[in-house]
Amino acid sequence: MAVSITESPPVAADVPRYNFRDAEPRWQRAWAERGCFRVADVPTDGKPKYYVLEMFPYPSGKIHMGHVRNYTLGDVVARYKRARGFSVMHPMGWDAFGLPAENAARERGVHPATWTRDNIDTMRAELQRMGLSLEWEREFATCDPEYYGHQQKLFLDFLRAGLVERKESWVNWDPVDGTVLANEQVIDGRGWRSGAPVEKKQLSQWFFKITDYASDLLAALDTLDRWPERVRLMQARWIGRSEGARLTFLLETPEQCFEGSEVYTTRPDTLFGMSFLALAPEHPLSAAVAARDPKAAAFIAECRSLGTSEAAIETAEKQGYDTGLRVKHPFIENATFPVWIANFVLMEYGTGAIFGCPAHDQRDLEFARKYRLRVVPVVLPPGADPATFDVGDEAYVGPGSLFNSGFLDGMDVEAAKRAAIAELERLRVGHGEVNWRLRDWGVSRQRGWGCPIPVLHCEACGVVPVPDDQLPVTLPDDLMFDRPGNPLDYHPTWKHVACPVCGKPARRETDTCDTFVDSSWYFARFCSPQADEPVMRAAVDHWMPVDQYIGGIEHAILHLLYSRFFTRGMKQIGYLDVEEPFAGLFTQGMVTHESYRSADGQNGMWLSPEEVAKQPDGSVTHRATGEPVVVGRVEAMSKSKRNGVDPEAIIARYGADTARWFILSDNPPDRDMEWTEAGVAGAFRFTQRVFRLAEGVGSADAVGSVGRAKPAELGEAARDLRRVTHRTIAAVSEALDSFAFNVAVARLYELANAIADAERAIDAGGLAWARREAVEMLTRLIAPMMPHLAEEMYLRLRPDAAQLVAEFPWPLAEPDLLTADTVTIAVQVMGKLRGTVTALPDAPRDDVLAAAKTETNVARALEGKRIVKQIYVPNRIVNFVVAG
RNA sequence: GCCCGCCUGGCGGAACGGUAGACGCAGCGGACUUAAAAUCCGCAGCCAGUUGGCGUGGGGGUUCGAGUCCCCCGGCGGGCACCA
């Protein structure tokens, strides 16, 4: 059947046809001209506000199906809430700084700004063709100096508030991208973009002190009751609160610069089971040892080269080096333990040093077995014999009572923890401490296409913030990417400026901000995108927080956590008065598609969906050659598998409404959906069908339309249709409220089916009137999902209407019509369905039970049995429990 | 290894603890047509010849009644991963 990809599918020749090519741009213009989606920064209309936001796109070149899904979901919410009487803000912008623009600059010699602007123009036009109810007047890109200048202001405010600091630190260095990465951007020891193994390097970097808010960021997760549970869990885990103790182990023989080492532990109860102390390779004491012990230095160097590399993690082989030093035990007189340098101890967590208790920690056990260190159990599992209990290859981490533990003997684990901490505090060698896994957010990036960090380095004055009145610090127009490294650093003039304090020559900071900073406050800027300050207070007070945020699960930690931090920082400074930026969060699933491979042996090439044709027998062939094609897995659309479908082509062929309808109808929006040609074609047929319903009703009796000329008497068919109509209103409303868009779609199909049935019925008793009502309601209910079609249908129904469907209030169901004339009641015997009876709503129990017993099948099932119990749930079900 | 989620016809999926499989896709039969497409009408969980039996991954439990609640097991998917 090999339908051409540029042509629309055929439709009936003898019936009216919905011409989306003409209609869609026409309605898009009409909405824009009437400003249907505009709201004020500080509205005075008294309506309740609703802020709908989808994660703004990176302008990579073209939109993809993931964007289509994301923005369709958001648009349904926006249009629905608008109809429900809310003043809806629904803005769009561009997350426009980032590495792809630099790569394009390097490869093609085009300025990243030019490349980015071109992409934005392309993608804006694509989004506009989707008919999204966006307020384009609020559009900005994060690469606009007007935007990043305000971001620089925020950076300086954060700096003054003590929320930014510069510190020397071990950083994750991506050797391919040539930049530092945040911990969150290191995945399996590799750079999140380049995939290159990350190296450890010590550099002076700018940090946002997100750890200041660790406790609050964790606690407030409980208040986010409209966030997916798993996102909250992921964040809680990332923040990683743990309770334990910090204590100092003193060296038996104090060194010149070291008396000992601090250790963090969550198991102070197991201190009597200690057998060694282990230092991270990056620990200062390790360095001190290495300074005089070449073998130690060699071991540390080896650890660093492996570092977090895949090999090291996969083998997970414990490696250590005995320094020869020994530390004293805080509780046991005269007991000392060896100090090792161990590859499994992390400098980033706790103090970078641990005490090893092999009996009750699996890692310590593996280490102890390898290096033949002693293993002393100190927690006795319930019921175990203290004389014989020992651990084999598995450390015991369960509950129990302490033994071999001096003053802790006999206590349970929790009591022993408290007692051990109390003793540490009494001895003044340690204290209870809450520790966090969350690290401060390093934001320095050695990149040219980013927001410049607005500080100067002066030899006399040190680090000097750029004065507020000299903002923005703009990027040079002649950024060159002709060599590796940071182009701001090798730009001939940009970084050379006079110190604003002493006037002597100074050097600009050439690092730029992590692009996650750009996206950590854009939602606030949207409230007043023209403001001279980062935000206008009255505007953010009105619009924030975002009521519904929609995007991919891949941002569950990074972007969402940073934004939560940033909002708190802005509140602390006084820019706004909310802590949580996103009151509601919805994470959508991916869009997937079959993948195809040419069948020529081993090196079958990936083929795009446009290059293959489905044959009537179900086989798939190569369009150009006719050769058979191997159909691969259904998986996420990707460039490498070439299984992406271009939204542009789909919209050109079927129209935006069809694409929107299909993407909503296929399955629940939080699951992955499979894009199929058959599915889109089905959606397209529905657009034509539903349009014909409107044509069928027409405008002939529009003067006497709904509400004005309701016939005095309605026949049964008309009443039935009205019931379907009003139940659909209720059902669709409920479905849209709960993000069950696929269910809303199903209900609308049912209404369309009911209207089609009514068209065939003999028109009597006001059926025509009921049908017109049904079609009008269908039109309005469909509008959030297929807005152009709804307008076009309404034009057929009411050519004289003064309002657009986009401006209509949401229809309300008439409560009387939500209950039926009669109800069908299921009748069970012993829980098995045996028949049904029809009754009036809320019929008396005895009448229903009597009718149920006489129903043929039920009577047969009851024959010869004694009824011992009769269950009656009004209007729903009867169940006879029988004996004998 | 730990944590989370999911498992319903050929497929995507519906289903306040109350008639499982709505709705769509694919399929089958029919009408229209020279024919096809489109459109319209109808059928459709499985087994048994129509009033029967079996059915929501498997096993148990609670209940008058379980896809839904509880326990155990299995499978699939995702996240985290030497965090002391």
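Being a predicted model, the structure only gives us computed values, none of them experimental. These numbers come from the heavy atoms of this one structure, side chains and all, not from hydrogens, waters or symmetry mates. Below, chains carry the letters A, B, ... as their sequence lines are ordered, and counting in each starts from 1.
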Please tell me which of the listed nucleotides, [options], lies nearest to the side chain of [X]?
| X | options | answer |
| --- | --- | --- |
| A:Val743 | B:A81, B:A14, B:G18 | B:A14 |
| A:Arg671 | B:G18, B:G13, B:C82 | B:G13 |
| A:Asn343 | B:G18, B:C82, B:C80 | B:C82 |
| A:Asn667 | B:U19, B:G12, B:A84 | B:G12 |
| A:Trp238 | B:A81, B:A84, B:G18 | B:A81 |
| A:Arg437 | B:A81, B:U19, B:A14 | B:A81 |

Measuring only the [atom1] atom in each nucleotide, how far is [N] from [M]? A whole number of Å is fine.
| N | M | atom1 | result |
| --- | --- | --- | --- |
| B:C11 | B:G49 | C1' | 30 Å |
| B:C70 | B:C4 | P | 14 Å |
| B:U19 | B:C71 | C1' | 29 Å |
| B:C7 | B:C73 | C1' | 14 Å |
| B:C23 | B:C69 | P | 25 Å |
| B:G1 | B:U62 | C1' | 34 Å |
| B:A36 | B:G24 | C1' | 25 Å |
| B:C16 | B:C6 | C1' | 23 Å |

- Hey, is A:Glu863 close enough to A:Arg860 for a salt bridge, meaning N to O under 4.0 Å? no
- Query: Quick one: do A:Arg692 and A:Glu695 make a salt bridge, cutoff under 4.0 Å?
  - Reply: no
- Could you give the distance from CZ (A:Phe662) to CE (A:Met785), rounded to the nearest 0.5 Å?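 CE of A:Met785 is found 15.5 Å from CZ of A:Phe662.
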- Atom pair CZ/CE of A:Arg671 and A:Met590 - distance to nearest 0.5 Å: 14.0 Å
Can you check the [X] [atom1] to [N] [atom2] distance for me, whole Å?
| X | N | atom1 | atom2 | value |
| --- | --- | --- | --- | --- |
| A:Phe684 | B:A38 | CZ | P | 12 Å |
| A:Met830 | B:U63 | CE | P | 14 Å |
| A:Lys869 | B:U63 | NZ | P | 10 Å |
| A:Asp666 | B:A22 | CG | C1' | 16 Å |
| A:Leu664 | B:G24 | CG | P | 16 Å |
| A:Asn742 | B:G24 | CG | P | 14 Å |
| A:Ile553 | B:C6 | CD1 | P | 14 Å |
| A:Phe686 | B:C25 | CZ | P | 10 Å |

Report yes or no: does [X] contribute a side-chain atom to a donor-acceptor pair with the main-chain N or O of [Y] at less than 3.5 Å?
| X | Y | value |
| --- | --- | --- |
| A:Tyr264 | A:Gly244 | yes |
| A:Asp364 | A:Cys357 | yes |
| A:Ser286 | A:Glu282 | no |
| A:His593 | A:Pro609 | no |

Taking only the side-chain nitrogens and oxygens of [X], find out if one of them lies under 4.0 Å from OP1 or OP2 of [N].
| X | N | value |
| --- | --- | --- |
| A:Arg685 | B:C25 | yes |
| A:Arg230 | B:G79 | no |
| A:Asn879 | B:G65 | no |

- Task: Assert yes or no for the condition that the ring centre distance of A:Phe686 to A:Phe684 is strictly below 6.0 Å.
- Result: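 A:Phe686 vs A:Phe684: aromatic centres not under 6.0 Å.
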- Centres of the A:Phe276 and A:Phe367 rings: under 6.0 Å? yes
Does [N] have a Watson-Crick or wobble partner in any strand here, with both distances under 3.5 angstrom, and which is it?
| N | answer |
| --- | --- |
| B:A66 | none |
| B:G52 | B:C47 |
| B:C76 | B:G5 |
| B:U19 | none |
| B:G42 | B:C28 |

Would you classify [X] as touching base, sugar-phosphate or nothing, given that sugar-phosphate means primed atoms plus P, OP1 and OP2, and contacts are heavy atoms under 4.0 Å?
| X | result |
| --- | --- |
| A:Val881 | sugar-phosphate |
| A:Val345 | base |
| A:Ile871 | base |
| A:Ser665 | nothing |

- Task: Could you verify whether a donor N or O on one side chain and an acceptor N or O on the other, from A:Thr211 and A:Asp440, lie under 3.5 Å apart?
- Result: yes
- Message: Using a strict heavy-atom distance below 4.0 Å, which residues from residues 746-753 of chain A are in contact with RNA chain B?
- Response: A:Ala746, A:Arg747, A:Tyr749, A:Glu750, A:Asn753
- A:Ser665 and A:Tyr749: CA distance, side-chain angles, deciding distance, side-chain hydrogen bond (donor to acceptor under 3.5 Å, both in side chains) verdict: CA-CA 10 Å; A:Ser665 67; A:Tyr749 269 107; 5.6 Å; no
- With RNA chain B as reference, determine whether A:Glu229 or A:Arg267 sits nearer its 5' end, using the nearest nucleotide of each.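 Closer to the 5' end of RNA chain B: A:Glu229.
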- Message: Strictly under 4.0 angstrom, non-hydrogen atoms only: write out the protein contact profile of nucleotides 41-53 of chain B, one letter per nucleotide from the 5' end, B, S or -.
- Response: S---------BSS
- Item | A:Arg232 side chain reached by A:Leu585 side chain, heavy atoms, under 4.5 Å |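 A:Leu585 does not reach A:Arg232 side chain to side chain.
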- Classify the glycosidic conformation of B:G10 as syn or anti, calling it syn when the angle lies within 90° of 0.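 Anti conformation here, the glycosidic angle of B:G10 being more than 90° from 0.
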